[in-house]
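These notes concern the structure reproduced below.
Predicted model, so just to flag it, every value in this text is computed and none were measured. Within every chain, numbering begins at 1; the chains are lettered A, B, ... in the order of the sequence lines, protein sequences first and strands thereafter. Values below: every heavy atom of this structure, side chains too, minus hydrogens, waters and symmetry copies.
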Number of protein chains: 2
Amino acid sequence: MSLGNGKMTRRYDDDCVATREILSLVGDKWSVMVIVNLGEGTMRFSDLKRAIEGISQRMLTLTLRGLERDGLVTRTVFPTIPPRVDYALTRLGQTLLEPVTGLAVWAQRHRPEIQRAREAFQRAATSK
Amino acid sequence: MSLGNGKMTRRYDDDCVATREILSLVGDKWSVMVIVNLGEGTMRFSDLKRAIEGISQRMLTLTLRGLERDGLVTRTVFPTIPPRVDYALTRLGQTLLEPVTGLAVWAQRHRPEIQRAREAFQRAATSK
DNA sequence: TAGCCAGGGTCACCATTCGTGACCAGGCAC
DNA sequence: GTGCCTGGTCACGAATGGTGACCCTGGCTA
């Protein structure tokens, strides 16, 4: 892909697949939400579950495992009763915070436009 | 979420779901690849298919339909034989180019780190 | 003493989506 | 006539996303 110096050149063949793989990691909606939330600081499992409205326990577990595997978050277990597990961004995770936040800002800013486009598309499809 | 002025405040409850929905649109790997490719200019269906190595016709069609529906790309049909269909970013799509490119750059830059983290995680898991 | 809750998971099971390969139309070259 | 090119669509299996139930252990309440 060779991004970085203005225009992109055509070097997809090998990078493309790898980059896509990494983007798919970030791409899933839950990962983004977890990262944004952890951007504020360490959180416990149940804090995250409450903060990320709509996520199920299983999905949160899976998402966190994936992020841990990729070195984006750390998982600290306190073997108390009831158990307590803290999650936090690693340094690598924090570097991701910036581009991800950029996307989130974009999403918020352009939400109305997208909604309008969808409605227009819907109308065009039904009238057809 | 109230991103935008430095620190985030706790306003997830209503925004969160909507933002997540929009992110999931951008989040899927194919959409990102299409947007990045169209950032260079108008492309035909089969150009895209060739450029985005690994995508199937069906997935490309679905992805493009989704992006068109959300007002991010335009679809122009030339009823020639053989048929010809051009795709291009809308103005809205171009505004998305910047944050998405940011992500792509991040992915490329940190790919080795992630790979290393994965290998370390793998080793930790197998030795356990 | 029986119930019930919290916290962090896992498991079985369904629904949705992903992805592959086949097929289509219509004219052109061989 | 056979096959190819383009931009799709359709049917079908594979993978993934998501839900609700259950687990464990200790403390609190009734």
B/R44 CZ - D/dT6 P separation (whole Å)
7 Å

Which of A/L97, A/T42, A/T74, A/L72 passes side-chain contact (heavy atoms from CB on, under 4.5 Å) with A/L89? Answer is A/L97

Hey, does A/Y87 reach any base, or is it just sugar-phosphate, or nothing, if we go heavy atoms under 4.0 Å?
sugar-phosphate

Those residues at least two apart in sequence (or on a different chain) that pass side-chain hydrogen bond (donor to acceptor under 3.5 Å, both in side chains) with B/S46 are none

Name each donor-acceptor pair under 3.5 Å that joins a side chain in residues 60-67 of chain B to protein atoms two or more places apart or in another chain, with its distance.
from, atom 1, to, atom 2, distance (Å)
B/T61, OG1, B/Q57, O, 2.9
B/T63, OG1, B/M59, O, 2.7

Show every side-chain hydrogen bond (donor to acceptor under 3.5 Å, both in side chains) that has at least one partner inside residues 81-95 of chain B, sequence neighbours left out.
A/W106-B/T95, B/R75-B/Y87, B/R84-B/D86

For A/E113, all residues meeting side-chain hydrogen bond (donor to acceptor under 3.5 Å, both in side chains), sequence neighbours excluded
A/H110

With sequence neighbours excluded, residues passing side-chain hydrogen bond (donor to acceptor under 3.5 Å, both in side chains) with B/R50:
B/D47

Closest to the side chain of B/F45, out of C/dG8, C/dT10, D/dG7, is D/dG7

Where is the tightest heavy-atom contact between A/R44 and A/P83, given as atom of each residue plus distance?
NH2-O, 3.9 Å

Does anything in residues 66-73 of chain A reach DNA chain D, meaning a heavy atom under 4.0 Å, and if so which residues?
none

Tell me: CG of A/D47 to P of C/dA6, nearest whole Å?
14 Å

Test side chain to side chain contact (heavy atoms under 4.5 Å, CB included) applied to A/A120 - qualifying residues, sequence neighbours left out:
A/R123

Below 4.0 angstrom from OP1 or OP2 of D/dT9, is there any side-chain N or O of B/R65?
yes

Following the transitive rule for hydrophobic clusters with a side-chain heavy-atom cut-off under 4.5 Å over Ile, Leu, Val, Met, Phe, Trp and Tyr, establish whether A/I81 and A/F78 coincide in one cluster.
no

B/R84 CZ to C/dC28 P: how many Å, rounded?
18 Å

Quick one: what's the B/S/- string for nucleotides 13-21 of chain C, heavy-atom cutoff under 4.0 Å, read 5' to 3'?
-----BBB-

What string of B, S and - do you get for nucleotides 24-30 of chain D, 5' to 3', if B is base contact, S is sugar-phosphate-only contact and - is no contact with any protein heavy atom under 4.0 Å?
-BS----

All side chain to side chain contact (heavy atoms under 4.5 Å, CB included) counterparts of B/E98, not counting sequence neighbours
none

Within the supplied structure, the quantity of interest is the number of heavy atoms (other residues, nucleotides, ligands) at a distance under 6.0 Å from A/R118 CZ; does it exceed 12?
yes

